[in-house]
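A short worksheet on the structure shown next.
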Amino acid sequence: WRLMLVKEWRLLLRDPHIISQTLLQVLYLTPMLFLAFRSDKAAFLIVPGIVMIASMLAGNLAWLTMAAEDAPELIGVSPIPKLRLRMMKAIAAILPASPFVLIPALWWLQKDSYAALTLVVCGAGGLASAALCHLLNPRRGDRKNMRARYQENRLVNFLEALTSMGWAALAVCLHGYLAWAPLALGFCALGPTAAWFLGRAARQESI
């Protein structure tokens, strides 16, 4: 686990172009974090935004770790089962994105524990769902061209985005719109479910 995590993070850190493309979405998070530290009543709008952006960031990192592997042949001859390797790669994608959920949650814990709990639950669900979309539908990609990920397999990428929106919508529902929560949960499950059905052939090829 240590070797796999360190290997994936070193691959990410050694390429400034990849870092700039991947963390560009964090710039959109900065104004919301500023509002979070200045207002006690902004959680209703800020929490869903953080959930969605963190989920999209985890999706980009998961694509880099799982689909854009530099040496798939070397990974393929590893004595470790490939499913376990892909799970390690999924964790390597989730961990760098988790501070963008945990740090605001720790801040809100002092002022609004319910908002902090909502952020942790929906944020964790969004991060896990984004990684699951790539875990259940393994595809090959070119890490030097991240834009290609949105052009290839557009359906799954679209469903992944809907899943991120679903977790953000669930965060809204938990702040007074519980009647709409089942619909939001349906969107939350849409991406991983579609990845499971659409990725059956890809999973068989990767075994």
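For reference, positions follow the sequence shown, starting with 1.
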Shared hydrophobic cluster for [X] and [Y] (ILVMFWY, side-chain gaps under 4.5 Å):
| X | Y | value |
| --- | --- | --- |
| L162 | V172 | yes |
| L178 | V47 | yes |
| V51 | V120 | no |
| I46 | L102 | no |
| V121 | L57 | no |

Taking atom [atom1] of [X] and atom [atom2] of [Y], what is their separation to the nearest 0.5 Å?
| X | Y | atom1 | atom2 | value |
| --- | --- | --- | --- | --- |
| L132 | W196 | CG | CH2 | 11.0 Å |
| S98 | I103 | OG | CD1 | 9.0 Å |
| C173 | L185 | SG | CG | 8.0 Å |
| D112 | L119 | CG | CG | 11.0 Å |
| L5 | W9 | CG | CH2 | 4.5 Å |
| I50 | W108 | CD1 | CH2 | 4.5 Å |

Any idea which heavy atoms bring [X] and [Y] closest together, and the distance?
| X | Y | result |
| --- | --- | --- |
| P192 | L136 | O-CD1, 3.5 Å |
| C188 | S129 | O-OG, 4.1 Å |
| G59 | E160 | CA-OE2, 3.3 Å |
| P96 | L61 | CB-CD1, 4.0 Å |
| T163 | G191 | OG1-N, 2.7 Å |
| P99 | P104 | O-CD, 3.8 Å |

Sub-3.5 Å donor-acceptor pair from the side chain of [X] to the main-chain atoms of [Y], do we have one?
| X | Y | answer |
| --- | --- | --- |
| S55 | S164 | no |
| H134 | A90 | no |
| W167 | G125 | yes |
| Y114 | H175 | no |
| T65 | K89 | yes |
| S113 | L109 | no |

- What residues, two or more places apart in sequence or in another chain, satisfy side chain to side chain donor-acceptor pair (under 3.5 Å) together with T118?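 Residues passing side chain to side chain donor-acceptor pair (under 3.5 Å) with T118: none at all.
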- Residues that M88 engages under side chain to side chain contact (heavy atoms under 4.5 Å, CB included), provided they are two or more places apart: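 Partners of M88 under the side chain to side chain contact (heavy atoms under 4.5 Å, CB included) test: W1, M4, R84, L85.
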